[in-house]
There are 2 protein chains.
Amino acid sequence: MATSEKRQEILHAALELIAEHGFHGAPIASIADRAGVGAGTIYRYFENKDVLITELFRELHDKIQMALLEGYKTDRSLREQFLHVSTALLRYLIANPLDFRFLEQYLNSPYGVAFRRGRLLGTGDDNDLFRMLLEDGVARQIVKDLPLVVLCALTIGPLLAVSRDHILGFIDLDNALIMQTVQACWDGIKR
Amino acid sequence: MATSEKRQEILHAALELIAEHGFHGAPIASIADRAGVGAGTIYRYFENKDVLITELFRELHDKIQMALLEGYKTDRSLREQFLHVSTALLRYLIANPLDFRFLEQYLNSPYGVAFRRGRLLGTGDDNDLFRMLLEDGVARQIVKDLPLVVLCALTIGPLLAVSRDHILGFIDLDNALIMQTVQACWDGIKR
DNA sequence: ATTTTAGGAGTGAATGTTCACTCCTAAAAT
DNA sequence: ATTTTAGGAGTGAACATTCACTCCTAAAAT
């Protein structure tokens with residue numbers, strides 16, 4: 001097995017275990033087992049467990065940003081762009097339930113708070129499509145003049161919540177329901 | 001110290017520690033210390049840690065339902081009732097940050113999933129004001145005809161998210177912002 | 001071409017720590 | 001005197017991390 005493969009195996013094993021059983025259910029020993037490596041090997045690739053998990057999140061975040069850009073047209077109306085990105089996010093999350101579950105675990109932990117804090121204090125030029133869209137909408141007076149974090153709460157919040165409900169089997173998020181949900185989010189933030 | 005006081009001390013100590021440091025930061029020994037009792041004493045009042053935490057949530061849930069009923073008028077329009085309840089929820093959460101932080105920890109853990117599952121499969125006659133309001137709105141065609149869980153996602157989701165942002169210091173949820181946020185939630189679900 | 005050597009990736013048993021929970025003693029209540 | 005309650009040291013299990021060791025590969029020496 002090549003070196004980079006081994007690294008990926010470890011990341012993937014950690015993702016699966018955390019997604020399936022939460023942080024509690026993902027001891028290093030289990031991650032090593034599932035990745036097919038020795039426990040000590042993990043520490044050749046990652047300084048410690050925290051670094052492993054943070055790195056996992058970073059890669060996932062990038063991957064999702066890429067997915068949101070798929071089919072994104074810069075010449076559409078803001079509303080259409082919002083609907084596109086939101087729909088893409090929902091589709092990604094329900095197509096990749098393991099990614100979603102991990103993301104949720106992460107964001108609802110001390111890791112996530114640190115991430116959010118860094119994000120908000122950042123310069124704003126990071127690659128967060130959602131955030132840019134909302135800021136643009138406020139500037140052009142298409143979206144309600146509310147703080148960015150409130151707009152995020154009104155959009156990303158529900159999107160994550162319905163994804164969870166779908167993955168847990170509480171609802172069946174088919175195409176029609178996805179569109180209705182995304183539209184409802186837009187109704188909430190539009191002027 | 002009377003028996004019931006001791007029980008309350010234990011519950012309160014657990015609430016504080018979990019709110020401040022998460023489940024990880026609330027070992028039995030610390031809970032006992034903060035409550036001013038011996039570790040063994042806790043097991044005289046609660047079968048195990050799970051029962052203690054579940055009980056804590058149950059009491060908190062009841063307390064919040066009571067707070068939502070404060071000043072609730074049955075003769076107002078659905079919209080006004082929704083705004084009232086949502087505003088009351090926001091006010092309660094930002095006035096009781098420890099309660100909020102605990103609630104969040106709980107709902108985003110395996111406990112919370114179990115709770116939500118029980119809730120959705122239940123008969124619907126439990127004392128959940130929010131849920132009743134939304135169901136009523138759908139029946140009277142005032143609210144979008146979406147599954148109940150989606151409507152919950154569109155309302156409770158953002159409310160919890162902005163509360164968190166306020167408590168973490170990312171925004172200042174003053175009266176004006178509370179009203180705007182609640183109104184935005186309504187805009188999202190109204191027909 | 002064959003053997004020797006070096007280096008570093010990989011390992012998992014051992015370590016020290018933390019945890020939920022138990023159990024026995026002592027104090028308080030009856 | 002007897003029963004009930006409280007306490008906290010003790011217990012074993014689970015955990016992240018370490019470290020002394022084992023390969024394996026590929027370069028160097030012959």
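By convention in this document, chain letters (A, B, ...) are assigned in the order of the sequence lines, proteins followed by strands, and residues within each chain are numbered from 1.
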**Item:** Separation of atom NZ in B:Lys6 from atom C1' in D:dA6, rounded to whole Å
**Value:** 6 Å
**Request:** Could you tell me the separation between the CD atom of A:Glu47 and the P atom of D:dT17, rounded to a whole number of Å?
**Result:** 10 Å
**Item:** Separation of atom CZ in A:Phe46 from atom P in C:dG10, rounded to whole Å
**Value:** 12 Å
Which pairs, protein N/O on one side and nucleotides 14-20 of chain C N/O on the other, fall under 3.5 Å?
| from | atom 1 | to | atom 2 | distance (Å) |
| --- | --- | --- | --- | --- |
| C:dA20 | OP1 | B:Lys49 | NZ | 2.2 |
| C:dA20 | OP2 | B:Ile28 | N | 2.6 |

**Request:** Look up atom CD1 in A:Ile53 and atom CZ in A:Phe46, then write down how far apart they are to the nearest 0.5 Å.
**Result:** 10.5 Å
**Side-chain donor or acceptor of B:Thr155 paired with backbone N/O of B:Cys152 under 3.5 Å** = yes
**Request:** Between protein and nucleotides 23-30 of chain C, map the contacts as a letter string: B base, S sugar-phosphate only, - none, heavy atoms under 4.0 Å, written 5' to 3'.
**Result:** --------
**Interatomic distance where OH belongs to B:Tyr45 and C1' belongs to D:dT4 [whole Å]** = 11 Å
**Request:** For this output row, return yes or no: ring centroids of A:His61 and A:Phe115 closer than 6.0 angstrom.
**Result:** yes
**Complete:** Value for CG (A:Leu129) from CZ (A:Arg131), rounded to nearest 0.5 Å, stands at 12.5 Å
**Item:** Rounded interatomic separation in angstrom, taking CD1 from A:Ile18 and C1' from D:dA16
**Value:** 14 Å
**Prompt:** Considering every strand shown, what is the Watson-Crick or G-U wobble mate of C:dG8 when both distances are under 3.5 Å?
**Reply:** D:dC23
**Complete:** dist B:Ile18:CD1 -> B:Glu104:CD (nearest 0.5 Å) comes out at 13.5 Å
**Request:** Apply the test side chain to side chain donor-acceptor pair (under 3.5 Å) to residues A:Asn175 and A:Arg91: give CA-CA distance (whole Å), side-chain angles for both, the deciding distance (0.1 Å), then the verdict.
**Result:** CA-CA 9 Å; A:Asn175 258 331; A:Arg91 284 197 211 286; 2.6 Å; yes
**Request:** Once you apply the 3.5 Å cut-off to both distances, tell me the Watson-Crick or G-U wobble partner of C:dA29, or none.
**Result:** D:dT2
**Prompt:** Do B:Val143 and B:Leu151 have side-chain heavy atoms sitting under 4.5 Å apart?
**Reply:** yes
**Message:** For B:Asp187, is there an ion pair with A:Lys144 - N to carboxylate O distance below 4.0 angstrom?
**Reply:** yes
**Message:** Using whole Å, what does the distance between atom C1' of nucleotide C:dC21 and atom CG of B:Asp50 come to?
**Reply:** 13 Å
**Asked** In the strands shown, is C:dT17 matched to any nucleotide by a Watson-Crick or G-U wobble pair with both distances under 3.5 Å, and which?
**Response** D:dA14
**Request:** Grab the CZ-C1' distance between A:Arg44 and D:dT22 for me, whole Å please.
**Result:** 13 Å
**Asked** Taking the six-membered ring where the residue is Trp, are the ring centres of B:Phe23 and A:Phe23 under 6.0 Å apart?
**Response** no
**Prompt:** Atom CD1 of A:Ile31 to atom P of D:dC15: distance rounded to whole Å?
**Reply:** 11 Å
